[in-house]
Amino acid sequence: MADAPLLGRLFVFRGTLPRGVRFGAGAATAAAAVGLWAAAPALGWIAPVFLPSPWAVLRALWTMTTQNGLLGDAGISIARVWGAFLLAAILAVPIGILMSSYRIIGAALEPLIDFIRYLPVPALVPLSIIWFGIGEETKIFLLWLGTFFQLVLLVAEDMKRVPHEYFETAYTLGAKPFQALTSVALRAMAPSLMDNLRITLGWCWTYLIIAEIVAASNGLGFVIWTARRYMATDQVMAGVLVIGLIGLVSDQLLRALHRAMFRYL
Amino acid sequence: MPVVEAPFNLTIPRGQFVAFLGPSGCGKTTLMRMVGGLDTPSGGLILLEGASVGGPDRRRGMVFQSYSSFPWLTVEQNVLFGMKYRKDMLPAEKRERAVHYLKLVGLGAFGKSYPARISGGMRQRVAIARTLAAGSEVLLMDEPFGALDAQLREELQVELRRIQMEDAKTVIFVTHDVEEAVFLADRVIVFSPRPASIRADIDITARLGAARDLELRDSAEFFRIRTEILHMLRHAPAMGG
């Protein structure tokens, strides 16, 4: 293998990759993207007003943070995302479990949930504003709407995938159905449930920006939308960058939590 | 679910090791699950010491082929789980029993390991120890060694037989492996498919004795019984007429 040509060693169908090479490949792509981004306005390919240089964006980020209270807006956005996400999770987890545990509940709820699940959140913005005005309720409602109905079905699926053998083993050891649920099923589904919660949290950010663009006076979506009005592209991109960073950090934190919680996997 | 159609009567005395043998879809697993209270017969009766079997309970423990132990519990916690719902035992007694049965199945040194870190054969031993520790009177085993390689299987078969004789447990062991059935069981029930029925009831202990070791597999009598049963399965009434 060692004397095979380099390309041949890097491109092995379904093969493995050394850790260093894997990290290097990711870093190289990111660096190339930033390089291309820096080159485009510097070489006059794109006017800076449409694509400001990375440095301009970093400068904007700095002034926004020090002078315009960007951190406060980020905090408000994070609070909205987590508030709506927790509200969705607290309701979705028990309902999803019930849907898989009792056929009658699943049969009763699934068609309705499937219908609402396919309604695009932006289409419900006007209705939400009519119902809740433009206060916090509208934002929480929109985020909750976008996540709850998806999450319910994911939780139901997680529960359904718990092997039947686990339940039957518990029963033959004297467990009652509720005991089998709490001490076996919940434990068995926990890893995939955590994964689904993490993914759903990501969706919340998508809906947050929609909600903050149409009905807000603070938050990252509002900051981005306001900057657009003044063609402050550097500020728009700085805002987008912050959202990406928050997403990256929270995702990595949740992954680390997953690894710590499920060491037995 | 396969249907066992032909009427039959089967009495299993306490402490007997019975193998249900037959091709897939012959209803042997279903019958065993009915004994465990996990499936309900559409007709007829399942009696345990004269009392009709309702749902599953601790008196009949199951060992499945896969998902036999809980991956989020350590080996010892898995065995302790077998006694989780026993209110008649003190925690100290439960721990003592767990250690005892772990030693019995040869896993004394692996109590702190998680199932994902041990071999498939060891995982099956965990399930056996758990069921024994729970105090089940009847062990129901659904092809528990089906996913293991041949050498490990033999090893576990010898061990299971030793444990069963030591603890005088009643075992119903479902398998489609003729040699496994003959080697392990006191008695082999041969099922035939379509219409599912019991084709033969063979007293193995009368012909091979109760003690089983690996040399027995090479004996002429073992070979004769094996051939007899293979013949029976081969010349079962043809599928679909």
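All values below were derived from every heavy atom in this structure, side-chain atoms included, with hydrogens, water molecules and symmetry-related copies excluded. Proteins come first, then strands; the chains are lettered A, B, ... in the order of their sequence lines, and each starts at number 1. Worth saying up front: this structure is predicted, and the values here are computed from it rather than measured.
Ranked by non-hydrogen atom pairs under 4.5 Å with chain B, the options Arg263(A), Gln179(A), Glu165(A) are led by Glu165(A). Among the candidates Pro71(B), Ser69(B), Ser68(B), the residue making the largest number of heavy-atom pairs closer than 4.5 Å to chain A is Pro71(B). Of all the listed residues (Gly37(B), Gly82(B), Ala116(B), Ser136(B)), the one sharing the greatest number of non-hydrogen pairs under 4.5 Å with chain A is Gly82(B).
Rounding to the nearest 0.5 Å places CG of Leu173(A) at 10.5 Å from CZ of Arg86(B). Residue Arg130(B) holds its CZ atom at 5.0 Å from OG1 of Thr169(A), rounded to the nearest 0.5 Å.
The two atoms that bring Thr172(A) and Pro56(B) nearest to each other are CG2-CB, 4.1 Å, heavy atoms only. Considering all non-hydrogen atoms of both residues, Phe81(B) and Val184(A) come closest at CZ-CG2, 3.6 Å.
Of the atoms belonging to Arg117(B), it is side-chain heavy atoms, and not backbone ones, that fall under 4.5 Å from chain A. Heavy-atom distances place both the backbone and the side chain of Ser66(B) under 4.5 Å from chain A. Of the two parts of Ala188(A), the backbone and the side chain both hold a non-hydrogen atom closer than 4.5 Å to a non-hydrogen atom of chain B. Both the backbone and the side chain of Tyr67(B) come within contact range of chain A, with heavy atoms under 4.5 Å apart.
Side-chain contact check for Pro191(A) versus Trp72(B): every heavy-atom pair is 4.5 Å or farther apart.
Classification of the Tyr264(A)-Tyr114(B) ring pair by plane angle, with boundaries at 30° and 60°, yields tilted.
In Leu47(B), the CG atom is crowded: over 12 heavy atoms of neighbouring residues, nucleotides or ligands sit closer than 6.0 Å. Other residues, nucleotides and ligands contribute only 12 or fewer heavy atoms inside 6.0 Å of the CD atom of Gln151(B). Remark: His258(A) NE2 is packed, more than 12 non-hydrogen atoms of other residues, nucleotides or ligands lying under 6.0 Å away.
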